[in-house]
Enquirer: 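One structure, as structure tokens, below. Some questions next.
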Amino acid sequence: MSGDHSHNEDQIDCGSRVNDSHKHKDKYKEKEHKHKDHKKDKEREKSKYGNSDHKDSSDKKHRDKEKMKHKDGSTDKYKDKHKEKRKEEKMKSLDVKIKKEKENGFASPQHLKSEPEDDFYHSPKQSLKRVRNEDNDSEFQPKKIKTENDKKAKKRKQDEDIKPKKTKNKKGEVTDGKKKAKKEPEEKWKWWEEERYTDGVKWKFLEHKGPVFAPPYDPLPSHVKFYYDGKTMKLSPEAEEVATFFAKMLDHEYTTKDIFRKNFFKDWRKEMTSEEKTKITDLKKCNFSEMSEYFKAQSEARKAMTKEEKLKIKEENERLLQEYGFCIMDNHRERIANFRIEPPGLFRGRGDHPKMGMLKRRIRPEDIIVNCSKDSKHPEPPPGRKWKEVRHDNKVTWLVSWTENIQGSIKYIMLNPSSRIKGEKDWQKYETARRLKKCVDRIRNQYREDWKSKEMRIRQRAVALYFIDKLALRAGNEKEEGETADTVGCCSLRVEHIKLYPENDGQEYVVEFDFLGKDSIRYYNKVPVEKRVFKNLQLFMENKEPDDDLFDRLNTSILNKHLQELMDGLTAKVFRTYNASITLQQQLKELTNAEENIPAKILSYNRANRAVAILCNHQRAPPKTFEKSMQNLQTKIDAKRDQLSDAKRELKSAKADAKVRKDEKSKKTVETKKKAVQRIEEQLMKLEVQATDREENKQIALGTSKLNYLDPRISVAWCKKWGIPVEKIYNKTQP
DNA sequence: AAAGGAACTTAGTAGTATCCGA
DNA sequence: TCGGATACTACTAAGTTCCTTT
């Protein structure tokens with residue numbers, strides 16, 4: 001239980017949590033022992049279960065959860081149907097390829113597919129190429145036979161293009177040539193040309209105006225009533241505020257969930273007067289519908305506001321942004337990412353979060369720690385209030401922090417990604433990935449050797465690393481049970497998360513992964529692995545219960561310590577960055593066709609991006625309106641088809657007519673009809689492509705990988721190479 | 001050396017602004 | 001020019017990593 005909870009209000013509720021977590025902690029310890037003395041006994045596991053119903057239920061939930069978050073069933077069917085259809089309609093074979101990947105389980109990164117057993121190591125690039133070659137060469141004519149050398153050469157060239165200097169200047173070098181010169185000299189600050197701090201100092205001077213607090217609670221007008229057990233009841237402002245949080249979410253699925261309701265009700269009662277507390281004992285008897293209606297009406301009203309009113313609000317926001325949204329750090333005015341304090345509300349965890357529905361407390365000035373330079377103008381707390389603390393720590397990057405009451409973790413106000421401090425870090429990240437590129441072969445050889453090690457812990461480490469490298473899995477820290485949703489990463493995989501098939505669909509040694517990862521996003525994938533890995537996995541699973549750790553002799557710190565020895569600065573997540581970037585580069589090379597026009601090239605870029613998103617398993621909920629808009633599109637397509645056959649019929653009759661009449665006029669009609677047919681065909685084609693694209697993107701989120709994993713230098717170089725404006729790829733916030 | 005805490009990156013979603021085709 | 005689709009952003013949860021404390 002982390003957290004110094006400085007507020008006694010929470011103390012109460014923490015109390016019970018602490019209890020809970022003691023239980024968990026014990027369990028936890030037991031589990032830890034396991035790591036040491038390996039053969040863990042089931043009894044222990046059993047008792048672990050016995051001692052907490054909490055756990056029991058959450059565990060069951062875990063299983064059910066699968067259904068919840070990923071919408072396989074119905075959607076997949078839908079997908080397949082359409083897929084079949086489209087396939088017939090000779091989409092580009094590329095589409096088919098990508099789709100095929102999807103059929104095999106959403107997440108399968110392409111490079112996994114075609115791994116021949118003899119492959120020494122399928123670097124992602126090689127196999128990607130192989131897949132491609134099989135499938136689409138006929139169509140796409142990749143006008144190049146690329147060799148590894150070639151590739152390196154290109155890479156080098158890019159580098160030169162982009163940063164003619166060396167080391168520390170990023171792509172900015174190119175950009176500023178054309179577009180500076182204007183005003184706003186500050187914004188063009190080329191921080192990447194300056195010396196970096198060493199020694200952990202993050203800044204020398206920092207001045208800002210502090211956070212913007214959430215607006216105070218505005219009580220409901222008296223005509224908006226709350227009913228308990230059918231009777232109207234006036235709530236105290238405190239209780240009412242919390243009630244409105246719930247009312248605002250009434251339409252949301254959350255409010256139907258038991259845990260959510262339970263947590264909410266418990267926390268709500270804490271805000272009630274003793275009178276209210278005695279009266280209101282059952283959430284089911286609460287009627288929030290008038291409140292809910294009221295808020296809906298409010299938001300309608302907001303939408304219906306006149307232009308002037310909207311403008312006014314916009315201006316006010318802008319003013320606030322200018323005043324609070326920037327800070328001065330080392331002589332530069334830099335944008336702050338989140339200068340508003342998180343408003344109070346009900347906690348919305350993702351997946352099956354045991355704490356969903358709990359009240360997220362309002363943050364007061366007295367909760368806030370301010371960080372700034374001694375010699376700066378310190379931010380003022382609101383009149384009559386005080387900060388919790390003002391400190392001057394230039395070894396950290398945050399301006400403001402506070403402790404949140406749900407998990408007891410610390411929240412920060414930090415700078416925008418465009419700032420020097422974030423940009424440098426990002427830059428470093430890609431540099432590390434590049435260094436990994438240089439020694440990745442060595443590392444791969446090493447872990448392949450380690451599969452044969454006599455020591456269990458080394459073999460486990462090696463297999464885990466193989467997964468991280470090959471599948472771009474996350475490291476997977478242990479988590480405290482009962483504190484968060486039950487999700488895992490590589491090191492925390494449990495036996496129940498994988499299945500082994502000595503033979504499957506004509507492939508040998510197939511591993512099926514099925515687990516919930518970060519954000520409770522499902523990872524599902526079937527991959528053929530090397531025999532040694534397979535045998536090792538069998539061994540790791542021997543005599544274990546489904547909920548035992550697969551890698552019982554491994555955790556993230558062991559793994560990272562090892563990685564650190566292999567390469568300076570290497571950690572598990574670097575593999576994700578590296579493999580994402582290398583995949584992008586590879587795919588761009590493969591997919592880009594010199595002859596194509598710009599939109600087609602951009603489509604290629606997006607496809608490459610998509611490949612990366614698939615690799616990293618970046619999913620999203622299909623947009624709310626997806627089904628509907630897909631249907632719309634489908635009806636449009638159908639209509640177009642009808643139109644087409646009509647047009648064809650007309651053309652036919654016109655032709656017949658022309659044959660008989662043989663006059664100019666009828667000939668002309670034939671021509672026009674022909675044109676019409678062509679035009680309609682084109683339109684139809686376009687619609688269908690659009691449908692495919694949308695379908696493909698249905699549950700893939702491109703933004704994340706673009707933002708966090710893809711070395712912008714690759715993208716920028718690609719744009720330059722093909723004469724594509726960088727803005728087509730990045731919006732102004734990015735590079 | 002493991003537990004806990006702090007700091008920072010990565011992630012999906014909701015809500016709004018903008019675009020775009022009939 | 002309207003309304004739906006799409007793009008963008010703000011928000012904040014959920015990870016990873018590294019450091020400190022016990």
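Here the structure is a predicted model, which is why all the values come from computation and not from measurement. Each chain gets a letter, A, B and so on, in the order the sequences are listed, and its residues count up from 1.
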Enquirer: How does protein contact run along nucleotides 16-22 of chain C, one letter per nucleotide 5' to 3', with B for base contact, S for sugar-phosphate only, - for none, heavy atoms under 4.0 Å?
Expert: BBS----
Enquirer: Please determine, for the side chain of A/Asn338, which listed nucleotide (B/dA11, B/dA7, C/dT12) has the closest atom?
Expert: C/dT12
Enquirer: In the 5'-to-3' direction, what one-character label does each nucleotide of nucleotides 15-22 of chain B receive under the scheme B = base within less than 4.0 Å of a protein heavy atom, S = sugar-phosphate only, - = no such atom?
Expert: --------
Enquirer: Listed by chain and number, what are the side chain to side chain donor-acceptor pair (under 3.5 Å) partners of A/Lys202, not counting sequence neighbours?
Expert: none
Enquirer: Taking DNA chain B as the partner, which of residues 392-401 of chain A come within under 4.0 angstrom of it by heavy atom?
Expert: A/Val396, A/Thr397, A/Trp398
Enquirer: Under 4.0 Å from OP1 or OP2 of B/dT13: is there any side-chain N or O of A/Arg620 that close?
Expert: no
Enquirer: Quick one: side chain to side chain donor-acceptor pair (under 3.5 Å) partners of A/Gln643, sequence neighbours excluded?
Expert: A/Lys640
Enquirer: Could you work out, with side-chain contact (heavy atoms from CB on, under 4.5 Å) as the rule, every residue matching A/Lys296, not counting sequence neighbours?
Expert: A/Asp251, A/Ser292, A/Glu293
Enquirer: Just the table, please: protein N/O against nucleotides 2-5 of chain C N/O, every pair under 3.5 Å.
Expert:
| residue | atom | partner | partner atom | Å |
| --- | --- | --- | --- | --- |
| C/dA5 | OP1 | A/Asn632 | ND2 | 3.1 |

Enquirer: Once you round it to whole Å, what is the distance between C1' of B/dA2 and NZ of A/Lys479?
Expert: 20 Å
Enquirer: Of all residues at least two apart in sequence or in a different chain, which pass the side-chain contact (heavy atoms from CB on, under 4.5 Å) check with A/Ala647?
Expert: A/Val677, A/Ile680
Enquirer: So what does A/Lys561 hit on the nucleic acid, given a heavy-atom distance under 4.0 Å: a base, only sugar-phosphate, or nothing?
Expert: nothing
Enquirer: Which pairs pass side chain to side chain donor-acceptor pair (under 3.5 Å) with one or both residues in residues 313-322 of chain A, sequence neighbours excluded?
Expert: A/Glu316-A/Arg319, A/Glu318-A/Gln322, A/Arg319-A/Glu323, A/Gln322-A/Arg333
Enquirer: Of the nucleotides B/dA11, C/dT12, C/dA14, which one has an atom closest to the side chain of A/His353?
Expert: C/dA14
Enquirer: Rounded to whole Å, please give me the gap between CD1 in A/Ile341 and P in C/dA10.
Expert: 17 Å
Enquirer: Would you confirm whether the ring centroid of A/Phe513 sits within less than 6.0 angstrom of the ring centroid of A/Phe467?
Expert: yes
Enquirer: For residues A/His353 and A/Phe260, establish whether the separation of their ring centroids is below 6.0 Å.
Expert: no
Enquirer: Looking at residues at least two apart in the chain, or sitting in another chain, which of them share a side chain to side chain donor-acceptor pair (under 3.5 Å) with A/Lys422?
Expert: none
Enquirer: How many Å lie between CZ on A/Phe347 and P on C/dC11, as a whole number?
Expert: 18 Å
Enquirer: Suppose we screen for side chain to side chain donor-acceptor pair (under 3.5 Å). Which residues come up paired with A/Arg474, at least two apart in sequence or across chains?
Expert: none
Enquirer: Indicate, with a heavy-atom threshold strictly under 4.0 Å, whether A/Tyr412 touches base, sugar-phosphate, or nothing.
Expert: base
Enquirer: Please collect all salt bridge (charged side-chain N to carboxylate O under 4.0 Å, His left out) contacts where either partner lies in residues 391-401 of chain A, sequence neighbours excluded, each pair once.
Expert: A/Glu389-A/Arg391
Enquirer: Test for a donor-acceptor pair under 3.5 Å between the base of B/dT9 and the side chain of A/Lys425, counting only N and O atoms.
Expert: no
Enquirer: Checking the side chain of A/Gln460 only, and the main-chain atoms of A/Asp552 only, is there a donor and an acceptor separated by less than 3.5 Å?
Expert: yes
